[in-house]
*Asks:* 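Provided herewith is a single structure, encoded as structure tokens, for subsequent inquiry.
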Amino acid sequence: MRVLLVGAGGVGTAVTRIAARRPFFELMVVADHDPARAEAAVAALGADGDRFRAERVDAGDEAQVTELLERHGCDVLLNATDPRFVMPLFRAARAGGAAYLDMAMSLSRPHGERPHEECGVKLGDEQFAQAAEWEEAGLLALVGMGVEPGLSDVFARYAADELFDEIEEIGVRDGANLTVDGYDFAPSFSIWTTIEECLNPPVVYEKDRGWYTTEPFSEPEVFDFPEGIGPVECVNVEHEEVLLVPRWVDARRVTFKYGLGREFTDTLRTLHLLGLDRTEPVTVPGPDGPVKVSPRDVVAACLPDPATLGDRMRGKTCAGTWVRGTKDGAPREVYLYHVVDNQWSMSEYGCQAVVWQTAVNPVVALELLATGAWSGAGVLGPEAFPAGPFLDLLTGYGSPWGLREQ
């Protein structure tokens with residue numbers, strides 16, 4: 001397998017460090033708009049970096065990406081950029097005859113008149129609209145293959161196949177007790193993506209109603225997370241699992257709730273109130289005259305890079321899928337989860353917990369595709385594949401998952 005990895009930020013760098021320990025691929029080309037970042041990611045691998053190459057690429061330039069795929073003979077593109085670049089990279093992969101993996105799907109657009117009741121353009125709609133073309137070409141686009149979405153979807157498939165006869169609700173629940181020394185507000189993941197998913201109308205799925213939306217941060221609940229994290233308030237957030245799970249798993253209701261904490265949600269509400277969550281450029285004075293900038297990009301530039309916070313972070317992060325239903329005629333409720341301790345991920349890989357947890361899952365998926373344990377054509381989510389091989393291999397990577405009866 002020859003892989004083109006686009007994006008050498010925190011997650012992309014973690015991908016290289018995890019993949020360097022595995023023998024399943026022949027070459028990984030690490031490409032970024034900033035060649036210094038790509039070169040640094042490869043150089044950090046030392047003697048383990050002989051199967052890696054650094055390149056410069058503009059992720060929004062489809063022709064440039066396709067040329068890079070073809071020049072290096074890559075048969076799969078792994079997208080580790082932010083969601084703005086999903087569609088150009090998605091199209092470039094198909095043009096280059098390569099498989100495609102991402103960790104976040106094409107962006108949504110709220111309903112023009114009833115944004116907190118009805119869906120407009122849903123996450124992933126643009127990609128699923130091209131599913132027939134991918135299938136006809138015999139190519140696979142494996143979408144939403146990070147941790148959430150990704151591992152959480154694998155958990156949903158495992159629950160349906162192994163743990164339940166009927167499922168009432170699948171609810172992804174994400175929480176952490178991470179702190180960052182020296183910062184009052186320092187998101188552990190891309191603030192650009194965090195604003196997008198937290199301030200857009202959350203989507204809920206109900207079998208008798210289909211997909212519908214609610215107010216941001218709706219339906220708060222306290223969820224008790226395992227391995228010492230404890231109770232965290234979780235709220236509805238827009239996320240891909242709600243759009244993916246019902247396509248392959250039979251459940252009466254699907255939700256996604258994020259453990260943000262009151263201070264975090266208040267900060268996001270303030271950004272929205274001030275218009276600082278907007279992506280449309282505004283004109284501001286500059287030393288050489290007026291310039292146009294995106295308010296959200298300014299917010300991101302003012303905050304520390306999450307990939308650089310590992311040495312200051314303390315605690316654990318948990319991603320998991322809560323499932324309620326019946327087995328053998330009796331009620332059952334479980335929480336399937338994956339916990340990463342920041343101290344472990346920093347000492348073992350030099351990566352902070354959140355980006356490492358996101359990065360390990362596409363690497364596992366790439367290995368399953370390379371060995372043929374997973375295969376397919378079209379635009380498919382993680383639920384479309386058997387869960388057992390993935391969970392077994394994840395444990396083989398030294399990062400076991402857990403199951404708690406509720």
Side-chain angles (χ1 to χ4, degrees), residues 1-59 61-81 85-86 88-103 134 137-143 145-146 150 307 349-351 355-356 358-377 390 393-394 396-397:
M1 174 179 280
R2 298 172 71 88
V3 181
L4 172 60
L5 168 65
V6 182
V11 173
T13 296
V15 164
T16 65
R17 294 178 185 182
I18 297 164
R21 303 186 183 189
R22 308 298 296 188
F24 68 87
F25 66 97
E26 175 187 351
L27 173 70
M28 182 173 288
V29 179
V30 184
D32 196 276
H33 73 281
D34 180 354
R37 289 209 309 180
E39 290 162 5
V42 172
L45 301 174
D48 293 328
D50 58 341
R51 292 178 294 155
F52 294 79
R53 302 287 183 274
E55 290 277 5
R56 184 197 176 279
V57 74
D58 177 354
D61 186 330
E62 295 174 35
Q64 191 178 122
V65 175
T66 299
E67 188 277 331
L68 195 58
L69 281 166
E70 294 173 345
R71 174 152 48 94
H72 288 282
C74 295
D75 46 21
V76 60
L77 187 158
L78 173 56
N79 176 3
T81 65
F85 299 103
V86 163
L89 292 173
F90 180 77
R91 290 189 293 260
R94 187 160 67 87
Y100 170 87
L101 274 78
D102 63 29
M103 291 164 267
W134 281 80
L139 294 172
L140 170 64
L142 174 49
V143 296
M145 191 60 257
Y349 286 90
C351 300
V355 298
W356 189 91
T358 303
V360 68
N361 296 287
V363 181
V364 171
L366 285 173
E367 183 160 348
L368 292 174
L369 294 174
T371 62
W374 277 12
S375 63
F390 188 100
L393 189 54
L394 180 65
Y397 273 52

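All values derive from a computational prediction rather than experimental measurement. Throughout, numbering of the chain's residues begins at 1 and tracks the sequence.
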*Asks:* Looking at Ala19 and Met28, what are the two nearest heavy atoms and their distance?
*Replies:*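 Ala19 and Met28 have their closest heavy atoms at CB-CE, 3.9 Å.
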*Asks:* Would you name the heavy atoms of Ala80 and Gly7 that are closest together and state the gap between them?
*Replies:*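 For Ala80 and Gly7, the tightest heavy-atom pair comes out as CB-O, 3.8 Å.
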*Asks:* How far does CD1 of Ile18 sit from CG of Leu366, to the nearest 0.5 angstrom?
*Replies:*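 One gets 11.0 Å once the value is rounded to the nearest 0.5 Å.
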*Asks:* Which heavy-atom pair separates Ala98 from Leu69 by the least distance, and what is that distance?
*Replies:*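 Shortest heavy-atom contact: CB-CD2, 4.1 Å.
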*Asks:* So does Asp58 get a backbone contact from the side chain of Gln64, meaning a donor-acceptor N/O pair under 3.5 Å?
*Replies:*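 Looks like yes, one N/O pair under 3.5 Å.
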*Asks:* Closest heavy-atom contact between Ala365 and Phe390?
*Replies:*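 For Ala365 and Phe390, the tightest heavy-atom pair comes out as N-CE1, 4.0 Å.
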*Asks:* Quick one: does any side-chain atom of Asn361 pair with a main-chain N or O of Gly150 as donor and acceptor, under 3.5 Å?
*Replies:*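 Not at all, since once roles are kept as given, no pair shorter than 3.5 Å links the two residues.
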*Asks:* Between Val363 and Phe24, is any pair of side-chain heavy atoms under 4.5 Å apart?
*Replies:*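 Heavy-atom side-chain distance check passes, below 4.5 Å.
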*Asks:* If every non-hydrogen atom of Ala59 is compared with every non-hydrogen atom of Val6, which pair is closest and at what distance?
*Replies:*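 Shortest heavy-atom contact: CB-CG1, 4.0 Å.
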*Asks:* Taking atom CG of Leu368 and atom CE of Met145, what is their separation to the nearest 0.5 Å?
*Replies:*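 Answer for the CG-CE pair, Leu368 versus Met145, is 8.5 Å.
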*Asks:* How would you list, by chain and number, every residue that makes a ring-ring contact (aromatic ring centres under 6.0 Å, His included) with Phe85, sequence neighbours excluded?
*Replies:*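 For Phe85 there are no ring-ring contact (aromatic ring centres under 6.0 Å, His included) partners, ignoring immediate neighbours.
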*Asks:* Would you mind reporting whether Pro88 and Val65 have side-chain heavy atoms less than 4.5 Å apart?
*Replies:*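 With C-beta onward as the side chain, the pair stays apart.
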*Asks:* How long is the span from the CG atom in Leu101 to the CG atom in Leu140, to the nearest 0.5 Å?
*Replies:*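 Here the interatomic distance stands at 7.0 Å.
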*Asks:* What residues form a ring-ring contact (aromatic ring centres under 6.0 Å, His included) with Trp356, not counting sequence neighbours?
*Replies:*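 ring-ring contact (aromatic ring centres under 6.0 Å, His included) check on Trp356 returns Trp344, Tyr349.
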*Asks:* Assess Arg21 against Tyr397: is NZ or CZ under 6.0 Å from the centre of the six-membered ring, and within 45 degrees of the ring's axis?
*Replies:*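 Verdict for Tyr397: no cation-pi partner in Arg21.
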*Asks:* Within the side chain of Arg17, is there an N or O that forms a donor-acceptor pair under 3.5 Å with the backbone of Gly350?
*Replies:*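 Yes; judged by distance alone, with no hydrogens or angles, the pair exists.
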*Asks:* Hey, what do you get for CG (Leu369) to CE (Met1), rounding to the nearest 0.5 Å?
*Replies:*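 That separation rounds to 5.5 Å.
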*Asks:* Scan Leu142, Val86, Val76 and name whichever one has a side chain to side chain contact (heavy atoms under 4.5 Å, CB included) with Tyr100.
*Replies:*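 Passing option: Val86.
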*Asks:* Give the minimum heavy-atom separation between Ala92 and Thr66, together with the two atoms involved.
*Replies:*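 Nearest pair, atom of Ala92 first, then Thr66: O-OG1, 3.2 Å.
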*Asks:* Check for a donor-acceptor pair, side chain of Arg51 on one end and backbone N or O of Ala20 on the other, with a separation under 3.5 Å.
*Replies:*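 At least one qualifying donor-acceptor pair exists.
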*Asks:* Okay, side chain of Thr16, backbone of Thr13: is any donor-acceptor separation there less than 3.5 Å?
*Replies:*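 Yes, the answer is positive, given that a donor and an acceptor are paired below the 3.5 Å cut-off.
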*Asks:* Does any pair with a residue in residues 68-78 pass side chain to side chain donor-acceptor pair (under 3.5 Å), and if so which ones, sequence neighbours excluded?
*Replies:*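 Passing the test, one end in residues 68-78: Glu55-Arg71, Glu55-His72, Glu67-Arg71.
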*Asks:* Look up atom CD in Glu39 and atom CZ in Arg56, then write down how far apart they are to the nearest 0.5 Å.
*Replies:*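 It comes to 11.5 Å.
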*Asks:* Please identify which of these residues, Asp102, Leu89, Leu5, Leu4, meets the side chain to side chain contact (heavy atoms under 4.5 Å, CB included) condition with Leu78.
*Replies:*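 The option that passes is Leu5.
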